Amino acid sequence: MESLAHLEALCERLYNSQDSAERAHAENTLKCFSVYSSYISQCQYILDNASTPYALMLASSSLLKQVTEQRLSLQIRLDIRNYLINYLATRGIDLEPFVTASLIQLFCRVTKYGWFEDDIFREVVKESTSILNQLILLAVNSVLSDSWLVQEVMSSSRGNSLLQKCETASRYAIGLKILNQLVSEMNQPSPGLPSAQHRRVACSFRDKSLLQVFQISLTSMAQLKNDVTVSENAYSSKLQELALALSLKCLSFDFMGTTVDESSDDFNTIQIPSSWKQVLEDQSTVQIFFDYYEINKPNISKEALECLVRLASVRRSLFTNDPSRVKYLAHLMTGTKDIMQTGKGLAHHDNYHEFCRLLGRFKVNYQEVMGSSRGNSLLQKCKLSELVNVESYGDWIRLVAEFTLRSLQSWQWASSSVYYLLGLWSRLVSSVPYLKGDTPSLLSEFVPEIVKSFITSRFGSFQGEVSDVSENPLDNVELLQDQLDCLPYLCRFQYESCSSYIMQITDPLLQMYMESADPQVLTAVETKFAWIVHIIAAIVKTKQLSGYSGESQEIQDAELSARVLRLINVTDSGLRSQRHAETSKQRLDLAILVFFQNFRKSYVGDQAIHSSKQLYARLAELLGLHDHMLILNVIVGKIATNLKFYREIYDCKTSCKVGYYSINNLPSEQGRIPIFGGLQVLLSLELIPDALFRTDDVKQALIGLMRDLRGIAMATSSQRTYGFLFDWLYPSHIPLLLKAITIWADIPEASCMLLACKTNLLLTARFMPRRRVSELTACALALAGNYVNFGVFEIYGDRALADAFDIAMRMALSIPLADILAYRKLSGAYFTFLEIMMKNQIQVMLNLDSSSFTFIAGSLESGLKVLDANIKSQCASAVDNLATFYFEHITAGESPTTPVALNLAQHLADCPNIFLEMFSNLRAQILSSQPADQQQRLSLCFDKLMADITRSLNQKNRDKFSNNLTSLTTGDLTFAVRNAKVHQYFLIGEFVDDCRSRVRL
């Protein structure tokens, strides 16, 4: 590097240039700073002397990469850590925000990586607390005083004092940012850090420092709250946001290492440690978040509600006794009641959604789902009693009911939030049978109105129809299922009145549907019927899910089911039979098929029919359907009609999945004729020339065909029914599938569906949306199914299997390792494929070139470090199979003679680090880290580990090693390192994990 000025110019081009070639040249030139540890001192020089923020950013990001990817010595990391804290204290307020954020991330990363290596790394919270304590009085009394803005405007002579106050607030903000980033860094897995080490660091931080950080955030919030009247004070607002964000990060910490899916906006009970008990039982803790919500700034009030959602989710056992728990519950109810009374802040959609989540959390800790055992039922009763006996319960439940009714009326604005409210009401009504005492629950007064409002609001939803199908409630499958999963419990709570209401609106609609010829009227009626049928289907489904029974329940089910069955005769007759191209008609048909599926599960079958005599007796009176065989004829007839009229049939899970029982209990083989007849029409696709095959019409027909085949394949669970399908497909129509995959291979929408169909023909599997996931899954299932003696291919010189292996391996090797680890579905399919290949087709893996084999080995090593237990197990199994082959053909025998063994020997020669002497190296490393007086005892512990272990791979020898390892971790080893430092014990724990997951003897 010629000069600092030249470096600053390169950094400017690296971050700002619009020319990709110029950016690439700058990146290659500056790459050395992040690769070679000898450049660490130059990074420090840049931080001390550079004048542009981009040069500072380069130095910071390069050091971050060095710390993350390089094995730097302890002294170097200590020097970096001490330098950074002094640098941020002296120059932090003068830096650009993105530079400050990068330096703070670097400081926290160094702290995390060295947490167990030196006590000074664990002093970070104490140091931050000291800095904040020195600044807080000055910050509050000057910058955060009510008169501060007046002084700023009217006293220009005090400019230096004003500048000093601003600097104090900026330094205080840096302290809060450090703690925010520290909690995030400790909570999230870091690249290159094994999952076991991450959990140990996170648990240590949780036990030693997290409560202290949370208390700092509460103290800061309390001090800063006094500035709420100064709405224009930017410094105050920023500090409030940082303090509140710190509280949210503490409450969102992964206390139990459960790795909650971040794409989900819901979570289970929060397992806060018992040491937090005193803080949470203090009423000021909950109240401070309600106070911050009152500030009514969207970014602050939303995060305050998020904190309250988590506080409402703490485990019940945390509290000292029942009175303290009831007091905590009453405080939450009072706070939410005040918000509902004033409506303050609920005009903001984010606040509204979070408030619905807060109300919904009452069901998790105080109204959890009932268990089947008597003990759970008594506990359920006690929880509902706590809620009902709160003094403000009457006002609270009334306000919740009114709030729910308003939310249902605003379906388009609150569609994603209603789920939480319906979930609350469903758990409340489920708890009523276990409530004892004289205090009324008042639920019977509000629940019927909520059900009626839900139905009428759904009827009104089609009036606001939009072009984007994802915004239509009937087309949003996940949202529809969420809402309909909760509603049936409300309906069955007052079933007679709710079912009567549904029938009252259904009968006039059916009459209108039969008589009207106006397309607009038919569209409106079909949309309303789609909602009604979905609701009835959900109600029928709860019969087999929740065990609702009784003659009155069955009779009401029969009444509602009769309305749907009567509707079927109308939908496919007269003018209605010509409306299959209309979206409203398609939605209605889909709702009917969902009803069929749920009715079959609840009321079709030998056991179901004997326990449902009242239902079939009532259906016989209304429609003449006296048993399930007649119902099955109706189901198959409707499916056949759909297959006849629709070019693109609905998803297999609802349209064609009649089920094993249905297909095997048809009155005659003629029942299958309409299904296969409809499919045969689509199979005329094979007559289309290649030149005309790649059109949208053909693609849609092909997708529909594959969905039909998947549905039938998933329902053929016996050899007899599967044989019908296979004999029909092979060999007559297989060329169509080959032709389709050849022409549409580059279009995931078509190729995924075809591969999913192939997967179901091999083994029942669910649909995977990504093409490579589907391909790897299909290949893995085919290899693991043991359907074919693969040796036959080689005997007869058939290249089909070899070509399939070649394509599958090329596809697996084409995926970057970063993408494999980033996407859960992809990583699951990839490592499943590797496990099966290492077990059944290891010769294919060993015949790869050295670079490909190294990639596979590296991906297995990375898989062992992830948090997912299934992937760890798959990778360990693959390594086990590889190590077994190595032991049996190279280590235990003579020099390798078979071609496959020679290939493995060549791979080991090219990559000597694949099989390290792990046990010997780790033993030496651990012994050297112990005090001299402990080394002899620890050495004896390792000798016991290998006691009576022979050089063989039989099961008895493996079990013996496992027993020795268990004894090592629970007995002698614990005693030997009782007085050792924490990081030394961590090193031994890492050794044990490696033994368990990699060396599987």
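Only this structure's heavy atoms are used, side chains among them; waters, hydrogens and symmetry mates stay out. Since we're looking at a predicted model, the values are computed, not measured.
Under a 3.5 Å cut-off, the side chain of Asp254 and the backbone N or O of Asn187 do not form any donor-acceptor pair. Put simply, the side chain of Thr342 gets close to the backbone of Asp338: a donor and an acceptor are under 3.5 Å apart. Not a single donor-acceptor pair under 3.5 Å links the side chain of Ser417 to the backbone N or O of Cys356.
Contact between Asn351 and Leu346 at its shortest, heavy atoms only, is O-CD2, 4.4 Å. For Ser275 against Leu211, the heavy-atom pair with the smallest separation is O-CD2, 3.5 Å. Closest approach of Leu615 and Glu554 over heavy atoms only: N-OE1, 3.2 Å. Nearest heavy atom pair, residue Val388 against residue Tyr393, reads O-CB, 3.5 Å. Nearest heavy-atom pair across Ala330 and Val390 is CB-CG1, 3.9 Å. Between Leu358 and Ala312, the closest heavy-atom pair is CD1-CB, 3.9 Å.
Between the CD atom of Glu559 and the CD1 atom of Ile536 there is a distance of 11.0 Å, given to the nearest 0.5 Å. In this structure, the separation between CZ on Arg458 and NZ on Lys528 is 14.0 Å, given to the nearest 0.5 Å. Separating the CG atom in Leu490 from the CG atom in Leu428 is a distance of 9.0 Å, to the nearest 0.5 Å. Taking CD of Gln271 as the start and CE of Met256 as the end, the distance is 5.5 Å to the nearest 0.5 Å. Separating the OG1 atom in Thr334 from the CD atom in Gln283 is a distance of 9.0 Å, to the nearest 0.5 Å. Here the straight-line distance linking atom CH2 of Trp396 with atom CD of Gln341 works out to 13.5 Å at 0.5 Å rounding.
Taking 4.5 Å as the limit, some side-chain heavy atom of Leu422 sits within range of a side-chain heavy atom of Phe454. Residues Leu244 and Asn299 fail the side-chain proximity criterion, which asks for heavy atoms closer than 4.5 Å. Looking only at side-chain heavy atoms (C-beta outward), Ile539 and Tyr495 come within less than 4.5 Å of each other. Looking at Leu329 and Phe362, their side chains come closer than 4.5 Å, going by heavy atoms from C-beta outward. Between Phe289 and Leu305 the shortest side-chain heavy-atom distance does not fall below 4.5 Å. The shortest side-chain heavy-atom distance between Arg315 and Leu318 falls under the 4.5 Å cut-off. The shortest distance between side-chain heavy atoms of Phe529 and Ser584 does not fall below 4.5 Å. Considering only heavy atoms from C-beta on, Val594 stays 4.5 Å or farther from Lys541 through its side chain.
Taking the charged nitrogens against the carboxylate oxygens, Asp557 and Arg618 have no contact shorter than 4.0 Å, which rules out a salt bridge.
Legend: residues meeting salt bridge (charged side-chain N to carboxylate O under 4.0 Å, His left out) with Asp350, ordered by chain and number and at least two apart, are absent. By the side-chain contact (heavy atoms from CB on, under 4.5 Å) test, Glu294 is found to be paired with Lys344, residues two or more places apart in sequence or in another chain being considered. The salt bridge (charged side-chain N to carboxylate O under 4.0 Å, His left out) check on Glu496 picks up nothing, with sequence neighbours excluded. Residues forming a salt bridge (charged side-chain N to carboxylate O under 4.0 Å, His left out) with Lys249 (at least two apart in sequence, or on another chain): none. Here Arg206 pairs with nothing under the salt bridge (charged side-chain N to carboxylate O under 4.0 Å, His left out) rule; sequence neighbours left out.
Gln287 and Asp291 share a donor-acceptor pair across their side chains, judged by distance under 3.5 Å alone. In summary, the side chains of Ser392 and Asp395 do not present any donor paired with an acceptor at a separation below 3.5 Å, with no hydrogens or angles considered. When only modelled atom types and interatomic distance are considered, Ser252 and Arg310 share a side-chain donor-acceptor pair under 3.5 Å.
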Practice problem: For side chain to side chain contact (heavy atoms under 4.5 Å, CB included), just list the numbers for Phe253 and Ile270, CA-CA rounded to whole Å, side-chain angles, deciding distance to a tenth of an Å, and then say yes or no. | Solution: CA-CA 9 Å; Phe253 198 82; Ile270 297 179; over 6 Å; no
Quiz item: Run the ring pair (Phe, Tyr, Trp, His ring centres under 6.0 Å) check on Phe255 and Trp276 step by step: do they pass?
Solution: CA-CA 12 Å; Phe255 295 99; Trp276 293 45; 5.6 Å; yes
Exercise. Show the numbers, then the answer: is there a side chain to side chain contact (heavy atoms under 4.5 Å, CB included) between Cys307 and Tyr292?
Key: CA-CA 11 Å; Cys307 292; Tyr292 264 64; over 6 Å; no
Practice problem: Evaluate side chain to side chain contact (heavy atoms under 4.5 Å, CB included) for Ile450 paired with Leu421, printing each intermediate quantity in order. | Solution: CA-CA 10 Å; Ile450 292 174; Leu421 301 176; over 6 Å; no
Quiz item: Is there a side chain to side chain contact (heavy atoms under 4.5 Å, CB included) between Glu281 and Ser324 once you walk through the steps?
Solution: CA-CA 7 Å; Glu281 288 184 349; Ser324 62; 3.5 Å; yes
Quiz item: Going through the checks in order, is the side chain to side chain donor-acceptor pair (under 3.5 Å) test met by Arg587 and Thr527?
Solution: CA-CA 7 Å; Arg587 290 170 179 157; Thr527 301; 5.3 Å; no
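Aromatic ring orientation, Phe355 versus Phe403: perpendicular (interplanar angle above 60°, classes split at 30° and 60°).
Relative to the six-membered ring of Tyr328, Arg325 misses at least one condition, a distance below 6.0 Å or an angle of at most 45° to the axis.
Among residues at least two apart or in separate chains, side chain to side chain donor-acceptor pair (under 3.5 Å) pairs with a member in residues 497-506 are Ser499-Gln556.
Taking the centre of each ring, Tyr603 and Tyr616 stay at or above the 6.0 Å mark. In summary, the aromatic rings of His353 and Tyr420 are positioned with their centroids under 6.0 Å apart.
Counting heavy atoms of neighbouring residues, nucleotides and ligands inside a 6.0 Å radius, atom CD of Glu402 exceeds 12 of them.
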